[in-house]
A.B. asks: 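Dropping the structure in here first, questions after.
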Amino acid sequence: MFSGPYSIAASSGRDLEEFARELGVELEPIARLVGLDVGIFQKIHERISLNAFTRLLDILKSATSDDCIGIRYGERYRIGNSGPFGFALLHAPTFRDALSIYRDYQQLIADFAFFDVDIGDKESSIEWRYASIIDHPEQYVDMRARLACRFLQKYMGDKWFPGEVKLVREAPRSVALHRKLLGPSVVFGSVMNCITFTSAF
């Protein structure tokens, strides 16, 4: 089990090997470069280095010449793969309950420099940031932003998008996919990753 200062649930990479193979890339040798064994991605209760995983996604970005690989993986990832947390999210009785579960347990999925879910009567938000020592977090930020939007869309509807999405990462070469998957109001180069949306309880 990984015991470093910043880690994530190993299941964050559960679909990554298959995803990479569909893109014509073998993940195992790339994973070895950053000190990861792809087999650990199938172990729900294990943790891995956050830095190693962000570097893995960054190498996959380079191998595919696709600077939107993280958001594509976030679209591809099966939400229930995060174990009991994913199960609880998928079966929360109300949207407010789901937000509370998300707020209380998201930090079990990944270590953050900052994380908060502000649940208001009219407007709510999800804010997060990773430690500055994490290498190349852009693709992981994209992945998590898309997963958060997918979680919200389960309650709001597939055609719903947040009022605003702010990402710390700089804009990719083309922002079309981000606007398609995160909504037209996505902003890059922010000081904090933030998803703001109207509360609907």
A.B. asks: Working to the nearest 0.5 Å, report the span between OG of Ser7 and CG of Leu50.
C.D. replies: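 If we round to the nearest 0.5 Å, Ser7:OG and Leu50:CG are 7.5 Å apart.
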A.B. asks: On the 0 to 90° scale, with breaks at 30° and 60°, tag the Phe53-Tyr140 ring pair as parallel, tilted or perpendicular.
C.D. replies: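 Perpendicular: the ring planes of Phe53 and Tyr140 meet at over 60°.
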A.B. asks: Can a salt bridge be assigned to the pair Arg78 and Glu18 using a cut-off of 4.0 Å between side-chain N and carboxylate O?
C.D. replies: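 A salt bridge links Arg78 with Glu18.
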A.B. asks: Please tell me whether Thr94 and Asp97 have a donor and an acceptor in their side chains that are separated by less than 3.5 angstrom.
C.D. replies: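 Yes, Asp97 and Thr94 have a side-chain donor paired with an acceptor closer than 3.5 Å.
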A.B. asks: Kindly indicate whether the side chain of Asp66, heavy atoms from C-beta on, has any atom under 4.5 Å from the side chain of Leu23.
C.D. replies: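 In short, these two side chains do not touch, never coming nearer than 4.5 Å.
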A.B. asks: Determine all donor-acceptor pairs shorter than 3.5 Å in which one atom belongs to a side chain in residues 36-43; sequence neighbours excluded.
C.D. replies:
{"from": "Asp37", "atom 1": "OD1", "to": "Gly39", "atom 2": "N", "distance (Å)": "2.9"}
{"from": "Gln42", "atom 1": "OE1", "to": "Arg14", "atom 2": "NE", "distance (Å)": "3.3"}
{"from": "Gln42", "atom 1": "NE2", "to": "Arg14", "atom 2": "O", "distance (Å)": "3.1"}

A.B. asks: Checking the side chain of Arg55 only, and the main-chain atoms of His136 only, is there a donor and an acceptor separated by less than 3.5 Å?
C.D. replies: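 Answer holds: no.
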A.B. asks: Do Glu75 and Arg150 touch side chain to side chain, with heavy atoms closer than 4.5 Å?
C.D. replies: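 Glu75 reaches Arg150 side chain to side chain.
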A.B. asks: Testing the basics here: between Glu123 and Thr196, what is the closest heavy-atom pair and its distance to 0.1 Å?
C.D. replies: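 Closest heavy-atom pair between Glu123 and Thr196: CD-CG2, 3.3 Å.
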A.B. asks: Closer than 4.0 angstrom, basic N to acidic O: yes or no for Arg47 and Asp111?
C.D. replies: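 So Arg47 pairs with Asp111 through a salt bridge.
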A.B. asks: Hydrophobic clustering (ILVMFWY, side-chain heavy atoms < 4.5 Å, transitive) - are Leu177 and Val165 grouped together?
C.D. replies: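 Same hydrophobic cluster.
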A.B. asks: Examine the side chains of Ser185 and Arg179 and answer whether a donor and an acceptor come within less than 3.5 Å of each other.
C.D. replies: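 No donor-acceptor contact under 3.5 Å links the two side chains.
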A.B. asks: Would you indicate whether the side-chain heavy atoms of Val187 and Glu164 approach each other to under 4.5 Å?
C.D. replies: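 Glu164 reaches Val187 side chain to side chain.
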A.B. asks: Can you check whether Phe114 reaches Met192 side chain to side chain, under 4.5 Å on heavy atoms?
C.D. replies: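 In short, these two side chains touch, coming nearer than 4.5 Å.
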A.B. asks: Leu108: which residues meet the side-chain contact (heavy atoms from CB on, under 4.5 Å) condition with it, sequence neighbours left out?
C.D. replies: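 Partners of Leu108 under the side-chain contact (heavy atoms from CB on, under 4.5 Å) test: Tyr105.
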A.B. asks: Are any non-hydrogen side-chain atoms of Ile59 and Val34 less than 4.5 angstrom apart?
C.D. replies: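 Yes. Closest side-chain heavy atoms under 4.5 Å.
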A.B. asks: For Glu138, give me all partners under salt bridge (charged side-chain N to carboxylate O under 4.0 Å, His left out), at least two apart in sequence or on another chain.
C.D. replies: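 For Glu138, no residue satisfies salt bridge (charged side-chain N to carboxylate O under 4.0 Å, His left out) once neighbours in sequence are set aside.
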A.B. asks: Which ring-ring contact (aromatic ring centres under 6.0 Å, His included) pairs, counting each pair once, include a residue from residues 160-182, with sequence neighbours left out?
C.D. replies: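 Every pair satisfying ring-ring contact (aromatic ring centres under 6.0 Å, His included) with a residue in residues 160-182: His178-Phe188.
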A.B. asks: Side-chain polar contacts of residues 126-135 - donor-acceptor pairs under 3.5 angstrom, sequence neighbours left out - could you list them?
C.D. replies:
{"from": "Trp128", "atom 1": "NE1", "to": "Tyr130", "atom 2": "OH", "distance (Å)": "3.4"}
{"from": "Asp135", "atom 1": "OD2", "to": "Asn51", "atom 2": "ND2", "distance (Å)": "3.3"}

A.B. asks: Any side-chain heavy-atom pair from Arg76 and Asp15 closer than 4.5 angstrom?
C.D. replies: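 With C-beta onward as the side chain, the pair touches.
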A.B. asks: Show your working on side chain to side chain contact (heavy atoms under 4.5 Å, CB included) between Val175 and Val186 and close with a plain yes or no.
C.D. replies: CA-CA 9 Å; Val175 301; Val186 62; 5.5 Å; no
A.B. asks: With sequence neighbours excluded, tell me which residues meet side-chain hydrogen bond (donor to acceptor under 3.5 Å, both in side chains) with Lys61.
C.D. replies: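 So Lys61 forms a side-chain hydrogen bond (donor to acceptor under 3.5 Å, both in side chains) with Asp58.
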A.B. asks: Can you find a heavy atom in the side chain of Leu16 that is under 4.5 Å from one in the side chain of Leu27?
C.D. replies: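 Side chain of Leu16 against side chain of Leu27, heavy atoms only: contact under 4.5 Å found.
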A.B. asks: Using only atom types and a distance under 3.5 Å, with no angle test, would you say the side chain of Asp67 pairs donor to acceptor with the backbone of Arg173?
C.D. replies: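 Side chain of Asp67 to backbone of Arg173, a donor-acceptor pair under 3.5 Å: yes, one is there.
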A.B. asks: If I compare all heavy atoms of Ser124 with all of Ile119, which pair ends up nearest, and what's the gap?
C.D. replies: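 Taking Ser124 first and Ile119 second, the nearest heavy atoms are OG-CA, 3.5 Å.
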A.B. asks: Do Met156 and Phe95 have side chains that approach each other closer than 4.5 Å (heavy atoms only, starting at C-beta)?
C.D. replies: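 With C-beta onward as the side chain, the pair touches.
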A.B. asks: Might you work through the side-chain hydrogen bond (donor to acceptor under 3.5 Å, both in side chains) test for Ser190 and Arg169, ending with a clear yes or no?
C.D. replies: CA-CA 7 Å; Ser190 178; Arg169 64 157 293 172; over 6 Å; no
A.B. asks: Please answer: with hydrophobic residues joined when any side-chain heavy atoms are less than 4.5 Å apart, are Leu181 and Tyr155 in the same cluster?
C.D. replies: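 Hydrophobic grouping puts Leu181 with Tyr155.
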A.B. asks: For a quick test of reading the model, state the closest non-hydrogen atom pair linking Ile8 to Ala110 and the distance between them.
C.D. replies: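 Between these two residues, the closest heavy atoms are CG2-CB, 3.5 Å.
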A.B. asks: Hey, any chance Phe112 and Val168 share a hydrophobic cluster, counting ILVMFWY side chains that come within less than 4.5 Å of each other, even indirectly?
C.D. replies: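 No.
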